[in-house]
Visitor: 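Structure provided below as structure tokens; questions to follow.
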Amino acid sequence: MAGKAQPPRIGVLALQGDVREHETILRELGADVVRVRRPEELESVQGLVIPGGESSVIDKLSRIFGLREPLRAAIRDGLPIYGTCAGLIMLADTVLDAIEGQESFGGIDIAVRRNAFGRQSESFETELDVPALGKPPVRATFIRAPIVERVGRNAQVLATLVDGRIVAVEQGNLLGTSFHPEMNGETRFHQRFLAKVNSRTVR
Ligand code: GLN
């Protein structure tokens with residue numbers, strides 16, 4: 001029974017990437033957290049986080065582990081998912097500068113460009129104003145991060161850099177950020193994701 005006292009069961013896709021940081025934040029926020037590598041594990045969760053890492057590797061491993069099609073089906077069914085960095089790439093309908101044969105799961109009506117910051121700024125931290133999260137601004141870490149280059153009419157922009165480049169988006173139950181809030185103890189994106197999980201579970 002989905003009672004209020006029952007913590008939501010949240011998966012972290014654990015094929016590759018910074019799985020542990022997300023587990024820590026989700027546990028702090030009261031979720032029952034499991035690692036997802038197999039279709040059965042995916043079926044058991046009410047929401048999923050796709051961590052940062054290397055999107056071409058996550059893509060490849062998702063096929064090897066038989067997760068790609070179940071995940072695409074779960075996205076179509078409205079499973080709440082939060083993707084950071086490579087996770088955002090996996091949720092984008094279109095990936096620019098992908099390696100040959102690389103595909104995303106899709107779901108968010110955007111085009112992202114991989115490794116969009118030049119060499120000198122491959123990695124940086126900045127304060128980001130995210131109106132949907134209120135004050136204070138988000139301390140965001142970008143590591144070989146993608147940029148959202150096109151936003152279709154089904155997706156909403158949540159945050160841009162001062163120069164206007166888009167770095168956080170949302171579409172229904174899907175949420176994605178170019179950066180890693182989990183590396184700075186920032187929990188508000190995870191809270192927003194968990195709110196989607198809770199409203200879907202209650203329904
Ligand atoms: N550059 C990586 C990719 O293309 C993403 C980097 C990250 O997740 N920190 O998947």
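Counting convention: from 1, in listed order, for ligands and their atoms alike. Count residues from 1 along the sequence.
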Visitor: Considering residues at least two apart in sequence or located in another chain, which fulfil the side chain to side chain donor-acceptor pair (under 3.5 Å) criterion with Arg20?
Guide: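 In terms of side chain to side chain donor-acceptor pair (under 3.5 Å), with neighbours along the sequence ignored, Arg20 is linked to no residue.
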Visitor: Can you tell me how the ring of Phe179 sits relative to the ring of Phe142, calling it parallel under 30°, perpendicular over 60° and tilted otherwise?
Guide: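 Tilted, since the angle between the ring planes falls between 30° and 60°.
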Visitor: Looking at Gln16 and Glu54, would you say the former's side chain and the latter's main chain have a donor-acceptor pair under 3.5 Å?
Guide: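 Yes; at least one donor-acceptor contact below 3.5 Å.
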Visitor: With a 4.0 Å cut-off on N to O distance, would you call Glu41 and Arg35 a salt bridge?
Guide: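 Result for this pair is no, no salt bridge flagged.
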Visitor: For the pair Phe117 and Phe124, name the ring-plane relationship: parallel under 30°, tilted 30 to 60°, perpendicular over 60°.
Guide: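 Perpendicular: the ring planes of Phe117 and Phe124 meet at over 60°.
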Visitor: Going by the side chain to side chain donor-acceptor pair (under 3.5 Å) test, name the single residue among Gln102, Glu103, Lys60 that passes it with Ser55.
Guide: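 The residue from Gln102, Glu103, Lys60 that satisfies side chain to side chain donor-acceptor pair (under 3.5 Å) with Ser55 turns out to be Gln102.
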Visitor: What residues sit with at least one heavy atom under 4.0 Å from ligand 1?
Guide: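 Shell around ligand 1 (4.0 Å, heavy atoms): Gly52, Gly53, Glu54, Ser55, Cys85, Ala86, Ile89, Arg114, Asn115, Ile143, Arg144, His180.
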